[in-house]
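Okay, structure first, notes after.
Both counts, for ligands and for their atoms, begin at 1 and track the order of listing. Side chains are part of it too, since the values below use all heavy atoms of this structure and drop only hydrogens, waters and symmetry mates.
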Amino acid sequence: MIIAHQLLGRALTGSPPPGPRPVATICRVPHRTKIGLPRRLPLVPVPVPGESLLSWLGCMGRLLGVNRGEAAYVSGVWHVADRRVVSGVSLTNQRSAIFGLDDESVERINAATGLSAAAARDMTWTRFTGTALPVEFGHSDPSRKQRMLKENWVNPASLSLCPGCFDDSDGRWLLRWSLPWAYACLEHDCYLVTACPTCRYRVDEAAVVRGTCGGYLRDRSGSVQRCSTEFRHVRATRIRDVELLRLQRLLDGHLQAAGELEMNQARADFQDLVALGVMAVYLATPDHLDGADAVVRDALSVFSRRYWVKYGRNMNRSDIDSPPKMVQAAFLRVAARILFANDPLAAASDLVDLGKNPMDPSLVPLHRSWLHRQPEVTERVKPIVEAIRAARIEARGVSL
Ligand SMILES: [Zn+2]
Ligand SMILES: [Zn+2]
């Protein structure tokens, strides 16, 4: 609180705020509005490009000496009646502001912080409407949004980070780091970090907020100590794999797509990659990863030992919906190789040769899954989906 008062005092007297955190005072006078508004804040952190709303609120909370829920209230993200409801700004609660801001919220945010509606909405999942998520995402109700996220392979609770970016921005975290479409940072030339290299504890929300690992280590005397590795100092694994580099470049471009043509192309690639990625979940092994970096190949080896392809992978739902990030990168690599081949159907036979063995037992779980719900794909991938759906139907002796 003392720090907050000092900062607020400096802002009011016009002297610059201390510390490296990017901060702006915004002087535009708020327009009149019908909603009960919080007062204009004297200090507002400038969102870094692609930042998560929760990261921004955390930064504001640190500036003001309040928690994230209170920062959401004073910045207008959350409204008065729900001031104490922390779920309103949680990572996963389906009513959380992270899944989209209504008109009243953006009006309140603008009044309290001077942030435009577009800048505020860019920090929520609606940022990816029409690219990584369907065009109707922004206007859907909360439960339908959750379904869409799942169907598009997005797990909002999955967190990873680039230590270099994390350091450069003084601990801000980006929304895209929760997407399957971001497994590497091309600026720092590394894979994203999903677990602490010291104790292997996964990167979770408390850890990114704190900036240090929340795992525990046993020392020589046998006593248990908090690991507390600082993520900004973690050395991330360099990315060398040209295929995954090329794919990440394409995906980064797609996530920034603007204009109808570009967005349609991006959406088509994301849809097809989800379908082929799920196909790879059921069928890919390290044998399909020639030329891949060890970190990706090793991740798939562990996954493959747990779930054997030979008799049909019988997986936990969470492993299908949200595999570990490096395993997912392996699946995307396999999927992209098929999607961007001259003949995707022929390239898919690398995973399973339908012509040779339409009754291949490894195909059963995928076939079952696609019979239950046919994936939405473009014409490029339709023949593959149809061949797999048909293969087991023939095997069962049901006429087409
Ligand atoms: Zn980076
Ligand atoms: Zn650790």
Side-chain angles (χ1 to χ4, degrees), residues 20-22 45-56 58-59 91 122-123 127-128 131-132 154 157-256 293-296 298-299 302 324-329 332-333:
R21 204 168 282 129
V46 178
V48 300
E51 183 173 13
S52 163
L53 177 71
L54 306 187
S55 167
W56 181 69
C59 178
L91 206 57
D122 260 6
M123 294 189 286
R127 175 192 183 88
F128 301 111
T131 54
V154 179
S158 144
L159 288 178
S160 57
L161 57 90
C162 164
C165 290
F166 198 66
D167 192 20
D168 293 347
S169 64
D170 202 24
R172 309 290 193 91
W173 36 289
L174 309 186
L175 197 55
R176 65 195 289 277
W177 287 341
S178 294
L179 287 170
W181 315 116
Y183 47 79
C185 171
L186 297 184
E187 198 186 324
H188 293 98
D189 219 13
C190 65
Y191 287 100
L192 299 186
V193 171
T194 56
C196 168
T198 312
C199 71
R200 306 311 307 160
Y201 189 73
R202 71 187 171 87
V203 173
D204 63 9
E205 189 182 1
V208 289
V209 170
R210 216 176 26 237
T212 57
C213 172
Y216 289 89
L217 289 169
R218 199 174 284 277
D219 66 15
R220 281 185 187 163
S221 68
S223 62
V224 176
Q225 309 259 348
R226 180 63 78 93
C227 169
S228 297
T229 295
E230 283 196 55
F231 288 119
R232 64 201 307 167
H233 296 144
V234 163
R235 190 186 291 257
T237 308
R238 297 293 290 268
I239 178 165
R240 301 278 183 221
D241 176 355
V242 286
E243 280 188 47
L244 277 182
L245 274 169
R246 201 185 311 131
L247 180 61
Q248 187 64 74
R249 206 162 292 128
L250 175 89
L251 297 171
D252 283 357
H254 279 352
L255 291 174
Q256 310 262 358
D293 288 327
V295 65
V296 173
D298 292 351
V302 171
K325 181 150 307 249
M326 286 304 105
V327 181
Q328 206 159 25
L332 289 180
R333 190 181 194 273

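- For Ala236 against Tyr191, the heavy-atom pair with the smallest separation is CB-O, 3.6 Å.
- The SG atom of Cys213 and the SG atom of Cys199 subtend an angle of 100° at the Zn ion (ligand 2), given to the nearest 10 degrees.
- With a cut-off of 2.8 Å, the Zn ion (ligand 1) has no N, O or S atom of Cys190 in range.
- For the atom pair CZ of Arg333 and CG of Leu247, the computed distance is 10.0 Å after rounding to the nearest 0.5 Å.
- One finds an angle of 110° at the Zn ion (ligand 1) between SG on Cys165 and SG on Cys185, to the nearest 10 degrees.
- Rounded to 10°, the angle that SG of Cys227 and SG of Cys196 form at the Zn ion (ligand 2) is 110°.
- Distance alone, capped at 3.5 Å, is enough to place a donor-acceptor pair between the Gln248 side chain and the Ala184 backbone.
- Between the ND1 atom of His188 and the SG atom of Cys162, the angle centred on the Zn ion (ligand 1) amounts to 110° when rounded to 10°.
- Salt-bridge annotation for Asp293 and Arg240: absent, with no side-chain N of the basic residue lying under 4.0 Å from a carboxylate O of the acidic one.
- Judged purely by atom type and a 3.5 angstrom limit, Lys325 has no side-chain atom pairing as donor or acceptor with the backbone of Ser158.
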